[in-house]
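Following: one structure in structure tokens, then a few remarks.
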Amino acid sequence: MPAIGVLALQGAVQEHLDCLNALPDIEGIAVKKAAEINAVDGLILPGGESTTMGKLLREFDLSQRIIDRVQSGMPVWGTCAGMILLAKKIVGQDNCHLGLMDITVQRNAYGSQLDSFTTEAVIPEISPDAIPLVFIRAPYVENAAVNVTILATVDGKIVAVEEKNMLATAFHPELTNNLAFHSYFAAKVKASKNNSICSCLAR
Ligand SMILES: NC(=O)CC[C@H](N)C(=O)O
């Protein structure tokens, strides 16, 4: 059964695990050691506080492990702070964290009076039905390179993107009871696991 890790350094870990474990044929596992990250077929970087998570990733020497696995094809999904961790550029900062996705993100982009809000949107790639979108001190994508697919915008701002095996959302599907994004990501993980089994057998 494919296993999806949820990076468990800080943030909304249990909520993602509950969503994953509600899906058929997927095992959700909290991961915080390099060996655990090596053992999963996909990885979720949860919401929380990106500066703290980035610092812990460096302290525990996990950044390069994640970068290597994602660059060799492991699907990854960053939600909110996780999106910031994936971005190659963060507005107003000289450095980034994992620097994997060709996006520029603006942290806390909705300002103080709109720290948190909920809306909904139809995102055809993910589901034909409207999906609830929960934003908590959320970033948005200020710029996405041409190789990045824009999945959703809210009020003209980009809030969900995909680039090959990488998915990022400014909002928190794990805080709703709608499993559409988790199902979509699980399908990506299953497809990538099948591909790697096929290429091993073909050798
Ligand atoms: N809900 C969240 O993940 C908030 C992200 C947070 N504002 C950050 O910049 O890291």
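We count ligands from 1, going down the list as the structure has it; atoms in each ligand are counted the same way.
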More than 12 heavy atoms of other residues, nucleotides or ligands under 6.0 Å from NZ of K193: yes or no?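 It does: K193 NZ has more than 12 such atoms within range.
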Tell me whether ligand 1 is touched by M53 - counting only heavy atoms on the residue side and a distance under 4.0 Å.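 Per 4.0 Å heavy-atom rule, M53 does not contact ligand 1.
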Considering C80, A170, A109 one by one, which has a heavy atom nearer to atom 4 (C) of ligand 1 than any of the others?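 Heavy atom nearest to atom 4 (C) of ligand 1 belongs to C80.
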Identify which of A12, G11, G48, G47 has a heavy atom lying nearest to atom 5 (C) of ligand 1.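 Looking at heavy atoms only, G48 sits closest to atom 5 (C) of ligand 1.
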In terms of residue, atom name and distance, what is the protein heavy atom nearest to atom 9 (O) of ligand 1?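 Of every protein heavy atom, R107 NE, 2.7 Å lies nearest to atom 9 (O) of ligand 1.
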Give the residue and atom name of whichever protein heavy atom lies nearest to atom 7 (N) of ligand 1, and the separation in Å to one decimal.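 The closest one turns out to be N108 OD1, 2.6 Å.
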Numbered atoms and elements of ligand 1 in range of [X], under 4.0 angstrom, heavy atoms:
X	result
S50	8 (C), 9 (O), 10 (O)
I84	8 (C), 9 (O), 10 (O)
E49	10 (O)

Min side-chain heavy-atom separation I123-F181 under 4.5 Å: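 Yes. Closest side-chain heavy atoms under 4.5 Å.
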Would you say the side chain of I131 lies within less than 4.5 Å of the side chain of V122, judging by non-hydrogen atoms?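 No, every pair of side-chain atoms sits at 4.5 Å or beyond.
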Under a 3.5 Å distance rule, please check whether R107 uses its side chain to pair with a backbone N or O of V91 as donor and acceptor.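 Between the backbone of V91 and the side chain of R107 there is no qualifying donor-acceptor contact (under 3.5 Å).
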Check whether Q93 reaches the backbone of I90 with its side chain - one donor and one acceptor, N or O, closer than 3.5 Å.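 A pair under 3.5 Å: no.
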Angle between ring planes, H182 versus H16, binned at 30° and 60°: parallel, tilted or perpendicular?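 The arrangement is tilted - the two ring planes meet at 30° to 60°.
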Would E27 and N21 count as having a side-chain donor-acceptor pair, cut-off 3.5 Å?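 There is no such pair between these side chains.
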When you compare ligand 1 with H172, is there at least one nitrogen or oxygen pair between them that comes in under 3.5 angstrom?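 Between H172 and ligand 1 (N or O atoms, distance only) the closest approach is under 3.5 Å.
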Taking distance alone, with no angle check, do T51 and ligand 1 share an N/O pair under 3.5 Å?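 For ligand 1, there is no N or O atom that lies under 3.5 Å from one belonging to T51.
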